[in-house]
Amino acid sequence: MFIHQRRFAVLLCFALLFFNLISPATAQQRRRAATSPKKVRLVVGIVIDQLRADYLNRFGDQFGEGGFKRLLEGGAVFTNANYIHVPTYTACGHATFMSGAVPAMNGIIGNEWYDRTTGRRVSSVSDDKTRLVGGRDGSGMSPHRLLGSTIGDELKLASAGQAKVIGLSYKDRSAILPVGKRPDAAYWFDSSTGNFVTSTYYRSELPDWLKAFNRDNHCFSYFGKTWERMLPESAYARSDKDDAPYEKSPYGTKFPYTINGGETKPGTKFIAQFEASPFANDHLVNLAKATIEAEKLGADDVTDLLTISFSANDLLGHAMGPYSQEVHDMTLRTDRTLAELFAYLDKKIGLDQVVIALTADHGVAPIPEQVQQLGYGGRIEAKQINDALTAALNQRFGEEKWVLQTVNGNVYLDEAAIERRKLDAAEVEAVAGKALLKLPAIVEAFTRSQILAGQMPNTPIARGVTNGFHPQRNGNLVIITQPFYFVGESVTTTHGSPYKYDTHVPVIFYGAGIAAGSFHTVSSPADIAPTLAALLKLETPSNAMGRILTEAFKAK
């Protein structure tokens, strides 16, 4: 018996020793499990079209608690984020957003460009091989001109197609380009019918839930609503109520606005007003909620992606300018709209299982007539550019219709005429560029030959032009205006330049695994996709050139 007791004591000692050896590790593992972030169920990529970075500072004291302020106080905020490509247009920014690639890599060099093969302009998403679904008959849209993968594509590949990827916007390009080549869907607004639509690239028929949404939540339900200032008029003293030439605005009068287009019943004029009002953003958030519910986004452990692009801010901003009371109020209302969306996400999924990435596709220039009062800025007509080019080339090489198209800051010369006359293309481009530099509004005229030969100066503008240049799609000359100048008379103001008012935008991450803080290091929206890929443990999109913003990650 004594022997058995000794054996039992020895076994007990070994058991206690073993327990002591393993228990610290077990406890450590438990602590780690308790503090580790939950599985990311949904990534929500948000683009607010034409949201300049300075709006978050100018209007920040008037934000509510649950929208921008939630992101600014609880998210990773990159205050020195600028686009690194030229031009700064909607399609370019949206293509960069979830690809991390600049136009030189993703091929989206503008909203539209001249296609030498067909001899006509094409849009970034137009596709004659598809048809519109849910609207009136017509050609559809697709991402077939986008080169390389996006975060959505990488999610699909990593999950064997189980991840759901959907893009929403009022603009077709803004719904299509962020979600890549093979998402589950992209839905955009059809201004001829007031419906949200898609194309046969994605599906042959709208899903039943979207048919019901178009029927029950149609934009016509907003007909006759009044857009009044959200705050007392005194709160808008920092903004100019007389910014815009109102004959160019979608409203024609001053606050408050009745959204009816001057029509007695809803029609195309009403829709044009509605699209540039804050009610359009509310309408889009309602669609986002319906999409999440119907498609069960974020309902399981497979990470889904939903991108939402708010277009109304851009449509209004073009008409009214960045210092108007209308843009001021639109920004405040966008803040409240985001608060509603975030509250819904928190209740439906839990914000601790959601990652939000927010940016803008570009900024906007001040109205030229406004800054001319300060002694700078102005406009130049496209005709002036074409006349200067044609006169110089006719004088040097003989008469031809030298200019085929001027679009997107690009001049497309008649290369058939250059070849027929046995001219050196580089010389013709140089003569044209020299002629343009004589115009007071033009500061740079880079040539195709110069860019392809790598003979660009080491300047931020030249680097932006190089990042925006795709050999098969750009023209023979890329024109850069002086600061605060732009080409055109048809809009109150616009964007597209390499200057800070167009390139400086918010870049903010919020949610699972994200550390709160403001970071002033140099960054770009091209960094968003690589950062999301690292956070989600995905392969980085194929053409990405941005860096991983490691500052945004919580320490493990």
Answer yes or no: is there a donor N or O on one side and an acceptor on the other, between the side chain of [X] and the main chain of [Y], under 3.5 Å?
X	Y	answer
Glu539	Glu154	no
Thr307	Val179	no
Lys181	Ser149	no
Tyr170	Leu284	no
Glu293	Lys289	no
Thr130	Ser199	no

State whether a side-chain donor-acceptor pair under 3.5 Å links [X] with [Y].
X	Y	value
His362	Asp49	yes
Ser311	Ser169	yes
His318	Thr493	no
Asn313	Asn281	yes
Asp240	Ser324	no
Thr150	Asp153	yes
His495	Thr88	no
Tyr236	Asp329	yes
Glu112	Ser123	no

Problem set entry | Pairs flagged by ring pair (Phe, Tyr, Trp, His ring centres under 6.0 Å) wherever residues 38-81 is involved - sequence neighbours left out | Tyr55-Phe59, Phe59-His328, Phe63-Phe68, Phe78-Phe519
For this session: Only pairs at least two apart or in different chains count here, so list each ring pair (Phe, Tyr, Trp, His ring centres under 6.0 Å) that has a residue in residues 143-165.
Result: none
In terms of side-chain geometry, is the basic nitrogen of [X] or [Y] positioned less than 4.0 Å from the acidic oxygen of its partner?
X	Y	value
Asp61	Arg238	yes
Arg52	Asp502	no
Arg336	Glu340	no
Lys171	Asp314	yes
Asp301	Arg41	yes

Taking the six-membered ring for Trp, are [X] and [Y] ring centroids under 6.0 Å apart?
X	Y	result
Tyr499	Phe484	no
His85	Phe469	no
His94	Tyr89	no
Tyr187	Phe196	no

Seminar exercise, completed: side chain to side chain donor-acceptor pair (under 3.5 Å) pairs touching residues 216-226, sequence neighbours excluded, are Asn195-His218
Exercise. Would you call the rings of His283 and Phe274 parallel, tilted or perpendicular if under 30° counts as parallel and over 60° as perpendicular?
Worked result: perpendicular
Exercise. How are the rings of Tyr257 and Trp227 set to each other: parallel, tilted or perpendicular (split at 30° and 60°)?
Worked result: tilted
Seminar exercise, completed: In short, Ser99 meets Ala544 closest at the heavy-atom pair O-CB, 3.3 Å
